[in-house]
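Values reported hereafter were calculated over all heavy atoms of this structure, with side chains retained and with hydrogens, waters and symmetry mates removed.
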Amino acid sequence: MIPIFDALARHARQQPDAIAFRDGDRTISWAGLARAVGHAAAGFASGPRTVGLRLVGLDYVIADLATTLAGCRVVPVPGFFSAGQVDHLLADSGATLIDRLPRPDAALPLAYAGGADRVIYTSGTTGRPKGVVLGDRQLTAQTRALAAAIGATPRDRYLSVLPQAQLLEQICGIFVPVLIGAETVIAAEGAACLFTGDGTALARAAATCRPTVTVLAPRQLTLWVAALRRGARAPDSLRYIAVGGAPVSPVLLAEARALGLPVAEGYGLSEASSVVAMTPAGGTAMVPLNGVDLRIEGGEIVVDGPAVMSGYLGHAPHRGPWRTGDLGQLTNGRLTVLGRRDAMILRASGRNIAPNGSRPRPWPIRPSPPPP
């Protein structure tokens with residue numbers, strides 16, 4: 001994470017007035033973001049060392065960066081968790097729930113010393129969620145690999161429409177843009193379609209902000225395509241849309257592309273910092289990210305590399321490769337995911353159901369509950 005804070009300090013010096021994040025009517029420049037993060041970090045540094053972040057929008061961005069700068073253990077609290085799951089998350093991690101930013105007079109410099117980590121809880125399918133522990137090594141490796149995979153540049157504008165408590169959205173919607181100096185637009189209405197079942201607001205948000213890159217759950221892609229069928233237009237600014245969380249119909253992908261959405265699939269798991277392989281821009285098949293050692297053993301996808309987790313919270317540290325439990329083929333460097341070793345029903349919202357008590361299938365996005 002040191003490169004990310006070094007980049008934030010550099011942007012604040014070199015382009016202080018350029019917009020870093022937009023959130024509805026709120027905007028913040030790179031200089032303003034640097035100040036806000038430094039001040040909030042001073043407050044977090046004198047508080048609990050393990051914090052459960054339940055904030056949204058720009059406040060979440062500031063809090064995530066500030067708690068990391070302060071060397072805290074960061075525990076994002078998914079808004080779609082039940083009360084029982086939240087209670088378990090806080091008890092299991094020992095986190096203090098934070099739902100507002102501290103506002104001290106002092107500020108910490110953006111000189112991150114390292115040592116912070118975060119615990120990512122997935123909603124799971126049976127039993128209680130387990131916390132995946134990720135530190136500087138994993139997050140830095142994944143941020144750099146994803147930035148390279150999508151060819152991210154300062155000219156990009158990222159549309160943030162996934163819940164921010166998701167690791168993938170923290171990386172794609174905060175860390176990558178900060179690393180490269182690109183603008184992020186947070187569109188709560190885009191995430192809301194997961195619950196409303198109407199993609200009109202997502203299509204409208206994209207048309208208004210004209211992003212170049214975004215990441216979607218399959219249900220969001222389905223609803224956006226439906227809105228395009230009804231007459232909405234895809235902005236011609238888009239150059240890359242990553243979609244994951246569950247398998248996506250080839251028919252849906254083909255229709256989305258025909259309607260102007262440059263969609264690409266990704267595959268991964270929280271235990272490997274979210275994404276393991278994805279389809280490059282203009283490509284037709286998923287390939288492993290830079291730094292990922294992906295192989296097939298006995299038909300099972302096995303992942304190794306710097307982005308593999310430190311372990312599950314409260315369990316023995318993990319070392320070495322991670323066996324995903326997914327079946328796949330690797331042909332000329334191209335990955336095909338064939339299915340799950342155990343029985344699993346995968347819903348288009350990204351949440352998985354295990355009718356026979358099987359473990360969750362590890363796709364990169366576990367965004368939200370199905371709509372009522």
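- The only member of T336, T279, D326 that meets side chain to side chain donor-acceptor pair (under 3.5 Å) when paired with Y267 is D326.
- For the pair T140/P3, a side-chain contact is recorded, criterion being any heavy-atom separation below 4.5 Å from C-beta on.
- Residues F5 and L69 are in side-chain contact: their nearest non-hydrogen atoms beyond the backbone lie under 4.5 Å apart.
- The pair D156-R239 meets the salt-bridge criterion, since a charged nitrogen lies less than 4.0 angstrom from a carboxylate oxygen.
- A salt bridge does not link R54 to D99: none of the charged side-chain nitrogens sits closer than 4.0 Å to a carboxylate oxygen.
- Looking at R137 and D117, no side-chain N of the basic residue comes within less than 4.0 Å of a carboxylate O on the acidic one, giving no salt bridge.
- Here the side chains of V56 and I186 are not in contact, with every heavy-atom distance at 4.5 Å or above.
- Residues E297 and R295 are paired through a salt bridge, judged by an N-O separation under 4.0 Å between the basic side chain and the carboxylate.
- Within the 4.5 Å cutoff, side-chain heavy atoms of S160 are placed close to those of E169.
- A salt bridge links E183 with R22: the distance from a Lys NZ or Arg NE/NH1/NH2 to an Asp or Glu carboxylate oxygen falls below 4.0 Å.
- For the pair R230 and D198, the salt-bridge criterion is met [side-chain N within less than 4.0 Å of a carboxylate O].
- Salt bridge status for D64 with R118: present, with a side-chain N to carboxylate O gap under 4.0 Å.
- In this structure, T212 and L238 have side chains that are not in contact, with every pair of non-hydrogen atoms separated by 4.5 Å or more.
- Looking at heavy atoms from C-beta onward, Q138 lies out of side-chain contact with V308 at the 4.5 angstrom threshold.
- When the shell of 6.0 Å around CZ of R144 is examined, it contains 12 or fewer heavy atoms from other residues, nucleotides or ligands.
- Counting heavy atoms from C-beta outward, R323 and V303 have side chains that stay 4.5 Å or more apart.
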